[in-house]
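Just passing along the structure, written as structure tokens.
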Amino acid sequence: MTSFSADYFARPTVAVAQDLLGTVLVHTEAGRERQVGRIVETEAYTQDDPAFHGWGLYDEATGTLQQEGRGIELFGAPGTAYVYLIYGMHWLLNVVTEPEGTGGAVLIRAVEPLEGDGVMHQRRSAARRRQDLTNGPGKLTEAFGIDDAFHGTMLTEPPLFFAALEEPRSFDMATSSRIGISKGVERPWRFFIDGHPYVSPATPSDQA
DNA sequence: ACGAGGATGCTCT
DNA sequence: GAGCATCCTCGTG
């Protein structure tokens, strides 16, 4: 299992978000079962996007980037983890995209567990069905034990990394508006494996 | 099956 | 004080 290098992430964000479908997220921990999840749902966020957590840091008219502010890490090295707390209780995992100096990130929204069911069930005691282990962005971070300790780490090497699984792709990709946002709703930047049972059950933001 | 409401903490106004 | 890239529980059909 060979991890993706920084070059893989140093590309247009939408392309990375689509390409990550069908690849795997891997977490290795000493003395514990390895956790592997096949990515079935992602979202893209770019620097000119009002829903982006670094929106306004880059001024397109002058080409200048602020030195600090919320989400400044999203302009850093491609392949870096951007982990943040949402609604005061759930950690969400993003991977930084685009070349350094350009902002962008892909949110990992859902995976299908391939290895590590035991650990995931331990961490996700609320899950009644197997798909509830990882069919949402906050659920998968809990199942994989991902929190702010991973913020800023490189997702190009263990203990947490991405890798290829299947070649060629053996699924149909579907698209929708992103979920849970109020700005940038018109951008069709949620990507998922059509009909897959581990896709999150939430409703896209452009629907009633 | 589905919808309403609450939990809970950090950032920006 | 509001808003937030969410999840869970408890109602009603």
Side-chain angles (χ1 to χ4, degrees), chain A residues 9 13-14 16-18 20-21 25 37 39-59 66-76 80-98 103-113 120-152 155 162 174-193 195 197-208:
Chain A
F9 302 101
T13 304
V14 169
V16 176
Q18 299 183 91
L20 279 174
L21 292 179
L25 177 66
I39 297 170
V40 299
E41 181 179 354
T42 61
E43 283 177 0
Y45 290 85
T46 63
Q47 65 181 12
D48 66 346
D49 166 13
F52 183 58
H53 283 191
W55 185 68
L57 294 177
Y58 176 71
D59 185 342
Q66 303 289 118
Q67 292 298 305
E68 53 185 42
R70 187 207 191 199
I72 193 65
E73 305 96 324
L74 294 164
F75 293 82
T80 303
Y82 178 84
V83 179
Y84 78 99
L85 187 66
I86 186 65
Y87 295 114
M89 57 192 106
H90 303 293
W91 296 104
L92 266 55
L93 173 67
N94 294 256
V95 57
V96 173
T97 55
E98 310 275 353
V106 173
L107 169 67
I108 309 303
R109 284 200 54 90
V111 305
E112 171 191 0
M120 295 191 197
H121 270 108
Q122 268 182 3
R123 295 193 179 122
R124 293 266 316 130
S125 51
R128 306 201 142 253
R129 308 166 304 163
R130 184 167 183 268
Q131 58 249 45
D132 292 326
L133 290 176
T134 53
N135 66 343
K139 296 177 192 176
L140 75 89
T141 55
E142 186 171 27
F144 275 68
I146 297 168
D147 58 20
D148 60 338
F150 288 89
H151 182 65
L155 299 177
F162 295 95
T175 298
S176 81
S177 169
R178 292 169 293 178
I179 288 172
I181 57 168
S182 58
K183 300 171 197 164
V185 165
E186 71 288 351
R187 302 184 188 218
W189 284 355
R190 171 176 174 250
F191 307 102
F192 56 99
I193 295 183
Y198 286 77
V199 169
S200 72
T203 305
S205 300
D206 64 349
Q207 296 178 26

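Numbers restart at 1 for each chain; the letters A, B, ... are given by sequence-line order, proteins then strands. The basis for the numbers below is simple: all heavy atoms, side chains too, and nothing from hydrogens, waters or symmetry mates.
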Item checked: Lys/Arg N to Asp/Glu carboxylate O, Asp48(A) vs Arg187(A), below 4.0 Å -> yes
Next item on the list: Kindly assign one of parallel, tilted or perpendicular to the pair Tyr58(A) and Phe75(A), based on the angle between their ring planes and the thresholds 30° and 60°.
Entry: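 Because their plane-to-plane angle lies in the 30° to 60° range, the rings of Tyr58(A) and Phe75(A) count as tilted.
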Margin query: For Ser200(A) versus Gly136(A), what's the shortest heavy-atom pair and its separation?
Written below: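 The answer is CB-CA, 4.1 Å.
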Note to self: I'd like the P distance from dA2(C) over to dG6(B), given in whole Å.
What the structure shows: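 Comparing P positions in dG6(B) and dA2(C) gives a spacing of 15 Å.
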Notebook entry, point to check: So what does the secondary structure string of DNA chain B come out as, 5' to 3', with Watson-Crick or wobble pairs under 3.5 angstrom, [ ] for crossing and | for pairs with another strand?
Noted result: |||||||.||||.
Notebook entry, point to check: Side chains of Arg178(A) and Ser205(A): is there a donor and an acceptor less than 3.5 Å apart?
Noted result: no
Checklist line | Closest heavy-atom pair and its distance - Pro50(A), Lys183(A) | finding: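 Reported closest heavy-atom pair: CB-CB, 3.8 Å.
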Item checked: Heavy-atom pair with the smallest gap, counting every atom of Ala44(A) and Asp49(A) ->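 Of all heavy-atom pairs spanning Ala44(A) and Asp49(A), the closest is O-OD2, 4.3 Å.
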Note to self: Can you confirm whether more than 12 heavy atoms, excluding those of Glu186(A), are under 6.0 Å from its CD atom?
What the structure shows: yes
Next item on the list: Report the residue (Lys183(A) or Arg128(A)) whose heavy-atom-nearest nucleotide on DNA chain C is the more 5′ of the two.
Entry: Lys183(A)
Notebook entry, point to check: Near DNA chain B, under 4.0 Å by heavy atom, which residues of residues 41-53 of chain A?
Noted result: none
Notebook entry, point to check: How would nucleotides 6-13 of chain B be written as a contact map, 5' to 3', with B for base contact, S for sugar-phosphate-only contact and - for no contact, using protein heavy atoms under 4.0 Å?
Noted result: -BBB--S-
Note to self: Does Leu107(A) reach a base, just sugar-phosphate, or nothing at all? Heavy atoms under 4.0 Å.
What the structure shows: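 Base, at least one base heavy atom under 4.0 Å.
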Notebook entry, point to check: How would you give the extent of chain A contacts on DNA chain C, as first and last nucleotide 5' to 3' within a 4.0 Å heavy-atom cut-off?
Noted result: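 Footprint of chain A along DNA chain C, 5' to 3': dC4(C) to dC8(C).
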Notebook entry, point to check: Looking at Ile193(A) and Val199(A), what are the two nearest heavy atoms and their distance?
Noted result: O-CG2, 3.6 Å
Note to self: Applying the side-chain contact (heavy atoms from CB on, under 4.5 Å) criterion to Arg109(A), which one of Ile179(A), Thr42(A), Leu140(A) satisfies it?
What the structure shows: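 Of Ile179(A), Thr42(A), Leu140(A), side-chain contact (heavy atoms from CB on, under 4.5 Å) with Arg109(A) is met by Ile179(A) alone.
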Notebook entry, point to check: Can you name the nearest heavy-atom pair linking Ala110(A) to Tyr198(A), along with the distance?
Noted result: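 Ala110(A) and Tyr198(A) have their closest heavy atoms at CB-O, 3.2 Å.
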Note to self: For Tyr82(A) versus Gly71(A), what's the shortest heavy-atom pair and its separation?
What the structure shows: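 Heavy-atom minimum between the residues: OH-CA, 3.9 Å.
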Checklist line | Set of residues satisfying salt bridge (Lys or Arg N to Asp or Glu O under 4.0 Å) with respect to Glu112(A), sequence neighbours excluded | finding: Arg38(A)
Check: Which residues satisfy the salt bridge (Lys or Arg N to Asp or Glu O under 4.0 Å) test with Glu142(A), sequence neighbours excluded?
Finding: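 Testing Glu142(A) for salt bridge (Lys or Arg N to Asp or Glu O under 4.0 Å), a comparison that skips the adjacent residues, returns Arg124(A).
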Notebook entry, point to check: Which part of the nucleic acid does Arg124(A) contact within heavy-atom distance under 4.0 Å: base, sugar-phosphate only, or nothing?
Noted result: sugar-phosphate
